[in-house]
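So you know, we letter chains A, B, ... as the sequences are listed, proteins then strands, and number each from 1.
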Amino acid sequence: MVVTRFAPSPTGYLHIGGARTALFNWLLAKKNNGTFILRIEDTDTKRNTPTATQQVINDLRWLGIEWDEGPEVGGPNGPYLQSQRRDIYDKYMKQLLDDKKAYYCFDTPEQLQQMREKAIAKKENFIYPRPNQFTTAEDAEKARTQGHPVTVRFAVDSDEPIVVNDVVRGKVTFAPTEISDFIIKKSDGFPTYNFACVIDDELMKVTHVIRGQEHLMNTPSQQLLQKALGFKTPTYAHMSVTISEGGGKLSKRERPKALRNAIANSSDINLEKLADLGNITAEQVDSFLKGKTTPDMPAIDAMAKHLGIKLPEINIVDFFKSGYLPETMVNFLALLGWNPGNDREIMTIDELITSFDLSRLTKTNSLFDRKKLLAFNTEYIRMLKPEKLLSHFKDYLKTIDSSVISADEKMLEEILKANAGAKTFAGIEQKSRFLFTENDNIQYDEKAVNKVLLKNDGLAILEIVRDKLEAMEQFSSEVIENMLRGLAEEKQLGLGKVAQPLRVAICGNTVSPPIFDSVNMLGRENTLARIDITLKKFAQKNKES
RNA sequence: GGCCCCAUCGUCUAGGUAGGUCUAGGACACCGGGUUUUCAACCCGGCAACAGGGGUUCGAAUCCCCUUGGGGCUACCA
């Protein structure tokens, strides 16, 4: 039986790194008909936000990653929120204390910081100096009443090297002298990560732990804990890290950082206005610019939008908002530090599940290649079933503020069909807006007008096209195509000379979906109206010049 | 600073665990051409890599060591 888990800390939205970890654990469970658990590690009362858990849940669901045990679905090993498991942790904590495998500490953070600095000055790793005599529960109680912080440390007791048997990296050996007595219970009574994780993995019968390389150094500590408590050690697989274009681990801090830089580089910034848009105070904006604090995501997004800056997508929801498909994300995520060992890249979920294997996890860090992601999305837009694409597109339109949302289902289907080569939904939406603009509200691109309408008899041809469109008995893409091609032939012109004036007339610029589809979707009435407006608007200008 | 991990085209990678079949394969990007009603998409072709230095061996991308480079961790965060 294979049991895996994804154990996020609810500090914000699900980001690329977390999503990949979740996916790999999910794939392994699926492949082996095992169990996949979602466990929320909310032991950091300072950093957790109440909405984050729900956000993570939403994003996992959007990706299609469902859990067998966890929040909202329950399961035999709950509760699945660590904040609700404190009794359990306390029980094992007491056991370690009773066995003299752990002891109380009363240091203040400042004292610890001093010790640490001293160690660094001596070019040494900081090792906590264990007292000769372990403190008692009475000592702890006394210290507490006197206002000292009380923590519990695990007494690292090993004279042998600690060997982590990692699936990806093989045997990794740590000298016991390298591992300091670490805190397992914080002064606020919550367990630390290393402790809660070990207890829960054991109690939830987790067999395989796939996590980022950043946890490799935690593993010896966790193994020591497992040994002291008589627990089994699960199979560990520490994945390579995903690196960002700028170097370093891909981090959710990149978005606020990009915004901060953009604001710093812009000449005229209005703090009040920014604060207002983000629904925060000017002081908060100022503090953000100084790098002291970070506003929440809606505020960041609002400010970026106002300044016209595109922030790098980091969170799963960012990719959704940029018009990526969940299928794209899952497929691309799977290839971040894993591959099937052959030339296959575009793979369905089922294919991913059957070919997934821990032995094929990559050792090398991988850079997150946005261009390749875009190519994947283009591919998925082209090959996804129309019903599925439509359903995703509707979800997308709901989240962005777009006039396209007013389209009925049939129109949306046509739009998708006409945009088969698009890279993202954002591109499709942008190219379709003209369909939902008022006829007299088209924004004419000056360059397009000059090049297409005011030259080469553009307006004259447009007038002929207009009359032919009006005279057509049927109105469909096919009939429109025949008419335009026929006209081009008749006039001994390239189709472009005939089609481009029409294009500019209906959408204001030279870029649109295929012209036959565009005209058809817009409908005869609106098309004629727009042509008339165009002819009227630019005929005069033509004479002047 | 200390500890740990990693090293093949610009990028992601196959090949490395059984050294010869690798004049190193694929994908993205890029360049050139084709198709074409615009932007795309699409089709064809091209460019492009075993970080450096020592070993081991008849033979090394593959094994060992060093150097260099990149990354992670070094919290009462996970």
Would you mind classifying the nucleic acid contact of R370(A) as base, sugar-phosphate or nothing, using non-hydrogen atoms under 4.0 angstrom? nothing
What residues form a side chain to side chain contact (heavy atoms under 4.5 Å, CB included) with S355(A), not counting sequence neighbours? W338(A), P340(A), M347(A)
Whether each nucleotide of nucleotides 21-39 of chain B has a protein heavy atom under 4.0 Å at its base (B), only at its sugar-phosphate (S) or at neither (-) is summarised, 5' to 3', as -----BBSS-------BBB
Do any N or O atoms of the protein come closer than 3.5 Å to N or O atoms of nucleotides 6-8 of chain B, and which pairs are they?
none

Which pairs, with at least one residue in residues 368-378 of chain A and sequence neighbours excluded, count as a side-chain hydrogen bond (donor to acceptor under 3.5 Å, both in side chains)? E245(A)-R370(A), E313(A)-R370(A), T328(A)-N377(A), E345(A)-K372(A)
Using a cut-off of 4.0 Å on non-hydrogen atoms, how would the nucleic acid contact of G212(A) be classed: base, sugar-phosphate, or nothing? nothing
Show me the side-chain donor-acceptor pairs of residues 141-154 of chain A shorter than 3.5 Å, one per line, residues at least two apart or across chains.
{"residue": "T145(A)", "atom": "OG1", "partner": "E141(A)", "partner atom": "O", "Å": "3.3"}
{"residue": "T145(A)", "atom": "OG1", "partner": "K142(A)", "partner atom": "O", "Å": "2.6"}
{"residue": "R153(A)", "atom": "NH1", "partner": "D181(A)", "partner atom": "O", "Å": "2.7"}

Looking across every strand, which nucleic acid part, if any, lies under 4.0 Å from R344(A) by heavy atom: base, sugar-phosphate, or nothing? nothing
When all nucleic acid strands are considered with a 4.0 Å heavy-atom cut-off, which category describes S187(A): base, sugar-phosphate, or nothing? base
So which nucleotide does rC3(B) pair with, by the Watson-Crick or G-U wobble rule with both distances under 3.5 Å? rG72(B)
Is the closest basic N to carboxylate O distance between K185(A) and D90(A) below 4.0 Å? yes
Once you apply a heavy-atom cut-off of 4.0 Å, does H215(A) come out as touching a base, just sugar-phosphate, or nothing? base
Let me check something: any side-chain donor-acceptor pairs from residues 236-244 of chain A under 3.5 Å, sequence neighbours excluded? List them with distances.
{"residue": "Y236(A)", "atom": "OH", "partner": "Q226(A)", "partner atom": "NE2", "Å": "3.0"}
{"residue": "H238(A)", "atom": "ND1", "partner": "D166(A)", "partner atom": "OD1", "Å": "2.7"}
{"residue": "H238(A)", "atom": "NE2", "partner": "R211(A)", "partner atom": "NH1", "Å": "3.2"}
{"residue": "H238(A)", "atom": "NE2", "partner": "T219(A)", "partner atom": "OG1", "Å": "3.1"}
{"residue": "S240(A)", "atom": "OG", "partner": "T364(A)", "partner atom": "O", "Å": "3.1"}
{"residue": "S244(A)", "atom": "OG", "partner": "G246(A)", "partner atom": "N", "Å": "3.2"}
{"residue": "S244(A)", "atom": "OG", "partner": "E254(A)", "partner atom": "OE1", "Å": "3.4"}
{"residue": "S244(A)", "atom": "OG", "partner": "E254(A)", "partner atom": "OE2", "Å": "3.1"}

Within the structure shown, what part of the strands sits under 4.0 Å from K185(A) by heavy-atom distance: base, sugar-phosphate, or nothing? nothing
Measure from the ring center of Y193(A) to the ring center of H215(A) and say whether it is less than 6.0 Å. yes
Verify the contact: side-chain N or O of R116(A) to OP1 or OP2 of rA75(B), cut-off strictly under 4.0 Å; return yes or no. yes
Any chance the side chains of E41(A) and S9(A) put a donor and an acceptor closer than 3.5 Å? no
Gap in Å between the two C1' atoms, one belonging to rG25(B) and one to rG15(B), rounded: 8 Å
How would you label the contact of E178(A) with the nucleic acid (heavy atoms, under 4.0 Å): base, sugar-phosphate, or nothing? sugar-phosphate
Scan N194(A) against the nucleic acid and name what it touches under 4.0 Å (heavy atoms): base, sugar-phosphate only, or nothing. nothing
May I ask you to check whether F356(A) and F24(A) place their ring centres under 6.0 Å from each other? yes
Sugar-phosphate only, base, or nothing, as touched by T43(A) at under 4.0 Å among non-hydrogen atoms: sugar-phosphate
Validate the cation-pi geometry between R130(A) and Y103(A): distance from NZ or CZ to the six-membered ring centre under 6.0 Å, angle to the ring axis within 45°. no
Taking atom C1' in both rG34(B) and rA18(B), compute the distance separating them and give it to the nearest angstrom. 47 Å
Sugar-phosphate only, base, or nothing, as touched by L374(A) at under 4.0 Å among non-hydrogen atoms: nothing
